[in-house]
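First comes the structure, then the notes that go with it.
Values reported hereafter were calculated over all heavy atoms of this structure, with side chains retained and with hydrogens, waters and symmetry mates removed. Quick note: residue numbers are just sequence positions, from 1.
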Amino acid sequence: MWEAFQTLFQVDNLFFLFVGTSVGIVVGAIPGLTASMLIALTLPLTFHMMPVNAVTLLIGEYVGGISGGLITAILLRMPGTPASIVTTFDGYPMAMNGQPQRALALGIMASVVGGIISWFFLAGMSPLLAKFALQFGPWEYFGLVMMALVMLAALTQGSVIKGLLGAVLGMAFALPGIDSTTGRGRLTFEIDSLLSGFGLLPVLIGAFAISQILKETAAPIAPGPGFKLPKGKLPVYWKDARNHGANMARSGVIGTWIGLLPGIGGNIAALVSYTTTRQLSKEPEKFGSGHEPGVVSGETANNASIGGALIPLITMGIPGSVTEAILIGALTIHSLQPGPLLFQNAPEIAYGIIAAYLVANLLMLALMWSTVRYIAMITQLPRPGLLTGILVFCVVGSYAVNNSYTDVWVMLAFGAIGLGLEKCGVPLGPFVIGFVLSPICEEKLRAALMMSDGNVADVLTRPYALLFLAVALLTLCLPLFASGKKAGLAPPSEEGKA
């Protein structure tokens, strides 16, 4: 490890790490452009680079891309990356309540703390945690997904029914495409472009960014909210370590653990962490209205998931997310096979990834702390020009995924759907997360039933799956029990007394 840090601090490696982190922050802050897209576009540039240089560049882009998404998520309610969806729940209300600088400061602080927490797991416990994850089968993954889906009700401000309705609608829109069992089209209505289903990125951009653009366009032009950041330091205080320390530690562990599970991702890590924090809070009613613990929990977990996702990558060669799959491609280009043998055959790469991840988080802190006020100046631009620029990035981002105009039309359609849902009081968070979780839920349930010959009772033999399902049941029942208890304690009305 010491040799890896010595190698990393050579001028060329530090330069590539600095460039990667800087570009990642900027790209991550632009709605429609993601870290995975940036890494995929950069990958051809690494063909003729030294393996260590290539790894440091890509790790820097990964960390910067995930972290940068919090800027527009907080200031514009347009998450730059899917992992920043949860940050919009409380970050944007804080900005609208006159505390944009405080929300940004908490988000940056939580991001770097989450990264450092996951780095300790990555550096010291990779083999142990990877071995634990190998015990998870389809039933465990299904239980975890069901727990996340039920937790959507706890995310909802106001009606739990509307929150569940949003989740169900999101799951319904994930159904069109090729049925993995029969190989036939499902709910495609004989439209060839629907055979691949609706892409996550166009749906995400449409539901959050385009719906917000439509809403802002329809609203009368008024003076902006005046997000003027202070010229001095961002407002973070020593007491924040005491007030948010337990939240960050818990969220960091949750994010690392969920990131360890292949295919789950930072958005689910942020969701589980957010709902856990809300369930444990003494003031759960404040979440969703600009509550600081909501910003801290989401940003800590989504950054911690990066370190967790790197664990199965370097120890087993299993990608924890789409971005890790691209990183495996980068290693393969340089004739490197990720997995246990990577530590024997190319230890400078295995430990170089671990070292680069830590230093990239520290670079991210320095860069965002010093430049976030300049990036945030986009909110002070004239609204028509700002919305036009964001719309251009949204169109480019949707088109660039598959070079398809169909994705652009999908983005615009889901923008209209998102606007309609908000008008009806249905929250967008459960809708988008339901869309993300639906394919995972279906895949794992089918795999579990195939392994058990259709015997649903087989789940009773899986303790971890039962634990997840029990948590889901408690999450659903506790709010109902609490509301019933409050109704029972409410004083009788005057009519009742009469």
Side-chain angles (χ1 to χ4, degrees), residues 31-32 69 72-74 76-93 95-96 148-177 187 189 194 197-219 267-268 270-271 274-275 278 287-290 294 298 387 390-391 394-395 397-398 406-441 476 479:
T72 45
I74 290 174
L76 300 175
R77 210 205 65 168
M78 297 178 182
T81 60
S84 300
I85 294 174
V86 174
T87 308
T88 64
F89 297 164
D90 284 281
Y92 183 70
M96 297 305 295
L149 282 172
V150 173
M151 282 182 171
L152 293 172
L155 280 173
T156 308
Q157 285 292 109
S159 173
V160 175
I161 300 300
K162 289 185 176 180
L164 291 176
L165 175 61
V168 171
L169 287 175
M171 296 177 70
F173 278 109
L175 292 177
L187 297 177
F189 305 102
L194 287 182
F198 298 116
L200 174 59
L201 192 61
V203 171
L204 171 64
I205 297 173
F208 279 95
I210 299 300
S211 65
Q212 186 71 9
I213 290 174
L214 293 175
K215 183 191 299 184
E216 293 288 335
T217 303
N267 48 353
I268 309 304
L271 165 66
Y274 183 91
T275 51
R278 182 177 178 180
F287 282 77
S289 60
L387 295 179
I390 293 176
L391 179 61
C394 291
V395 172
S398 295
T406 301
D407 288 338
V408 177
W409 289 113
V410 169
M411 175 195 70
L412 296 175
F414 275 91
I417 292 172
L419 181 62
L421 290 176
E422 285 200 318
K423 292 292 184 181
C424 297
V426 178
L428 292 181
F431 173 79
V432 173
I433 295 174
F435 180 86
V436 173
L437 290 181
S438 180
I440 302 174
C441 181
L476 184 62

Test item: Leu271 and Tyr274 side chains (from C-beta on) under 4.5 Å apart, heavy atoms:
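Answer no - side chains too far apart.
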
So, taking the atom named CZ in Phe435 and the one named CG in Leu169, what distance separates them when rounded to the nearest 0.5 Å?
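Here the interatomic distance stands at 12.5 Å.
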
Kindly give the heavy-atom pair with the smallest separation between Val86 and Gly298, and that separation in Å.
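That would be CG1-CA, 4.4 Å.
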
Please table the atom pairs, donor to acceptor, closer than 3.5 Å between any side-chain atom in residues 410-423 and protein atoms at least two apart or in another chain.
residue : atom : partner : partner atom : Å
Glu422  : OE1  : Lys215  : NZ           : 2.8
Glu422  : OE2  : Arg77   : NH1          : 2.5

